[in-house]
Amino acid sequence: MTLRARLSKDAAALALGADAVAAALRDGAKTAGVRLELTRTGSRGMFWLEPLLELETRFGWVSYGPMRAGDVASVLAAARDGKPHALAHGPVEEIAFFKQQTRLTFARCGAIDPDSLDAYRQAGGLAGLKRALETGPAAILEEVTASGLRGRGGAGFPAGIKWRGAADAKAEQKYIVCNADEGDSGTYADRMLMEGDPFLLIEGMAIAGIATGATYGYVYIRSEYPHAIETMTKAVKTARESGLLGSKVLGSNHAFDLEIRSGAGAYVCGEETALLDSIEGKRGLVRAKPPLPVHKGLFGAPTVINNVLTLAAVPTILEKGAKFYADFGMGKSRGTMPIQLAGDIKFGGLFESAFGMTLGELVDGIGGGTRSGRAVRAVQVGGPLGAYFPRALFDTPFDYEAFTAKGGLIGHGGIVVFNDSVDMAAQARFAMEFCAEESCGKCTPCRIGSTRGQELVDRIMGTGDAGANIALLRELCDIMKSGSLCALGGFVPYPVLSALDHFPQDFVRR
Ligand SMILES: Cc1cc2nc3c(=O)[nH]c(=O)nc-3n(C[C@H](O)[C@H](O)[C@H](O)COP(=O)(O)O)c2cc1C
Ligand code: SF4
């Protein structure tokens, strides 16, 4: 008898003991005289259930979690006898958190062996690239533009327009750079995708290369992601050996190859031009724009820089058509967004959904409120440069323009939940401190302003005229917004001003 099983080897599952569960599973199968066919997958994105084990039983696939090695024997017995178990959740697809999603980008993540190109193909992979090769660059550009796909890294810039800029640039060499620096607090979708479905990203980059005439690419992955680096490196090697990458992509006349580069831990190296400096072997310093990277980017050549999720959305768009993708979402936010729930939240994890759900639906409904049981007081959306939203703004739909209208940003889709013990003055100070720590130092409002900002919060909370110092802090925020060279100094006013505006009572001396 063969027992088929799936268990995540995503970094989050490993941190929670997935390897010990795998070892216990092998022992348990041996004892029971059963042949174990264990597939180590990426994560399904429900972190409160990790390590999540899926077993094929007489009644179909059943999921169990959070597993500990000590649970394996009883879980195996329950699965064999078709009996209930306290850790059983039925088929993954029926778990409410999973069922309510629209999984386009993450359709395969957690379901297949990320190291197997065959598994990727069998699960529908490469259909987008094949169609791209059939239709050619002009049609790809049209399709991506018509899909309404916008950059998922933070700025929300239309991918089709960026690609067209690079396609129109005349140069011997052009590049595709994938931004996998994922520095935002509470975000992990890039990591999950690279660990769970790496060929999807490679396919998306190859399509971008064909569309723009770029023949070489780089994936810049933060050094804190050793598992993603390992999985991607393996996948690139397999892709090259199988003819997915190389001088003839899938046997066509298009060449595309890529390599993995690792960052050294600076938040600012997620900013596209600092990232280019870092790949070039320099210290990551933000470059003034223009010239835009699509005209003069990596090593001075036209370069498309896109986030992991932007590039990973492309194969679906090519396979199913622009209309299919654009039919999801609201307003100018088309398609789906992998939303990442983090902080004090009961059901923390990745929730891919069409744009348009409200913040309240996501935090209270999908996320189930706080894990601690305390009241939700604030959420920070969009990373360390994102605004803090109070409950009063929970009717805001997840949409680029709706968030901008409320003084916020959706950034890379991270939502960090804070309970009623949060001190918003401390959070405002932290934003300035983070900026001072991570500033590349090129421009004065950010380099000097971030330190002055910390001092002002200290003065507001300490001695001196609180009112006058609040006015000064607001003025400083205005200067940083309008005078900074990049969004690090330019956006740090968002968390500071939102804390002042929505939680003024926290800026009163205690
Ligand atoms: C300080 C700073 C950090 C950033 N970090 C990231 C990051 O970690 N990942 C990312 O994709 N974009 C990051 N960005 C945005 C990039 O500059 C750029 O807009 C993005 O890579 C473009 O890809 P997209 O159009 O697909 O979003 C950052 C921007 C700034 C100003
Ligand atoms: S805003 Fe900060 S990080 Fe950006 S260029 Fe200026 S000093 Fe560098």
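Each ligand, and each atom within it, is numbered from 1 in the order the structure gives.
Using a 4.0 Å cut-off between a side-chain N of Lys or Arg and a carboxylate O of Asp or Glu, Lys9 and Asp115 qualify as a salt bridge. Ion pair Arg44/Asp10 not flagged as a salt bridge, since none of the NZ, NE, NH1 or NH2 atoms sits closer than 4.0 Å to an Asp/Glu carboxylate oxygen. Salt bridge absent: Asp399 and Arg334 never bring a charged side-chain N and a carboxylate O closer than 4.0 Å. Between Lys323 and Asp327 a salt bridge is recorded (basic side-chain N to carboxylate O distance below 4.0 Å). Salt bridge absent: Arg377 and Asp344 never bring a charged side-chain N and a carboxylate O closer than 4.0 Å. Salt bridge status for Arg131 with Glu143: present, with a side-chain N to carboxylate O gap under 4.0 Å. Taking a cutoff of 4.0 Å between a charged side-chain nitrogen and a carboxylate oxygen, Glu203 and Lys130 do not qualify as a salt bridge. Ionic pairing of Arg108 and Asp197 is present here: one or more N-O contacts between side-chain nitrogen and carboxylate oxygen are shorter than 4.0 angstrom.
Those atoms of ligand 2 with a heavy atom of Leu488 less than 4.0 angstrom away are 3 (S). Ligand-side atoms of ligand 1 in range of Leu488: 1 (C), 31 (C), range being under 4.0 angstrom from any heavy atom. Interface of Ser439 with ligand 2, defined as ligand atoms under 4.0 Å from a residue heavy atom, comprises 2 (Fe), 7 (S). Applying the 4.0 Å criterion to heavy atoms of Asp181 picks out, from ligand 1, the atoms 8 (O). For ligand 1, the atoms sitting less than 4.0 Å from at least one non-hydrogen atom of Arg152 are 26 (O), 27 (O), numbered in the order shown with element in parentheses. Of all atoms in ligand 2, listed by their number and element, those nearer than 4.0 Å to a heavy atom of Gly441 are 7 (S), 8 (Fe). For ligand 2, the atoms closer than 4.0 angstrom to any heavy atom of Val268 are 3 (S). Remark: ligand 2 atoms within the under-4.0 Å shell around heavy atoms of Gly489 are 1 (S). Near Lys442, with a cut-off below 4.0 Å to any heavy atom, the atoms of ligand 2 are 7 (S), 8 (Fe). Within ligand 1, the atoms closer than 4.0 Å to a non-hydrogen atom of Lys162 are 22 (C), 23 (O), 25 (O), numbered from 1 in the order shown. Using a 4.0 Å cut-off to heavy atoms of Ser484, the atoms of ligand 2 that qualify are 1 (S). Applying the 4.0 Å criterion to heavy atoms of Thr310 picks out, from ligand 1, the atoms 24 (P), 26 (O). Near Gly183, meaning under 4.0 Å from any of its heavy atoms, are these atoms of ligand 1: 8 (O).
Looking at Asn307, Leu311, Val492 and measuring to atom 11 (O) of ligand 1, the nearest heavy atom belongs to Asn307. With Glu272, Arg222, Glu182 as candidates, the residue nearest to atom 17 (O) of ligand 1 on a non-hydrogen basis is Glu272. Evaluated by nearest non-hydrogen atom to atom 7 (C) of ligand 1, the leading choice among Asn306, Leu275, Asn179, Val268 is Asn179.
For a threshold of 3.5 Å applied to N or O pairs, the pair formed by Asp190 and ligand 1 contains no separation below that value. Considering backbone and side-chain atoms together, Ala155 places no N or O closer than 3.5 Å to any N or O of ligand 1.
Checked against a 6.0 Å centroid threshold, the rings of Tyr188 and Phe47 count as neighbours. Residues Phe403 and Phe389 place their aromatic rings such that the two centres sit under 6.0 Å apart. Taking the six-membered ring wherever Trp is involved, the centroid distance between the rings of Phe355 and Phe328 does not fall below 6.0 Å.
Annotation: cation-pi geometry satisfied between Arg150 and Tyr400 (NZ/CZ under 6.0 angstrom from ring centroid, within 45° of ring axis).
The protein heavy-atom contact nearest to atom 6 (Fe) of ligand 2 is Cys443 SG, 2.2 Å. For atom 8 (Fe) of ligand 2, the nearest non-hydrogen atom of the protein is Cys440 SG, 2.4 Å. From the protein, the heavy atom lying nearest to atom 2 (Fe) of ligand 2 is Cys446 SG, 2.3 Å. Atom 27 (O) of ligand 1 has its closest protein heavy atom at Gly153 N, 2.7 Å. Closest protein heavy atom to atom 13 (C) of ligand 1: Gly270 O, 3.2 Å. Looking only at heavy atoms of the protein, atom 29 (C) of ligand 1 is closest to Glu271 CA, 3.7 Å.
Residue contacts to atom 4 (Fe) of ligand 2: Cys486 brings an N, O or S atom closer than 2.8 Å.
The only member of Thr145, Thr212, Asn306 that meets side chain to side chain donor-acceptor pair (under 3.5 Å) when paired with Trp163 is Asn306.
Relative ring orientation between Tyr175 and Tyr218 is described as tilted, the plane-to-plane angle lying within the 30° to 60° band.
Defined by atom type and a distance below 3.5 Å, a donor-acceptor pair is missing between the side-chain atoms of Tyr225 and Glu195.
Residue contacts with ligand 1 for Tyr267 involve both N, CA, C or O and side-chain atoms from C-beta outward (heavy atoms, distance under 4.0 Å).
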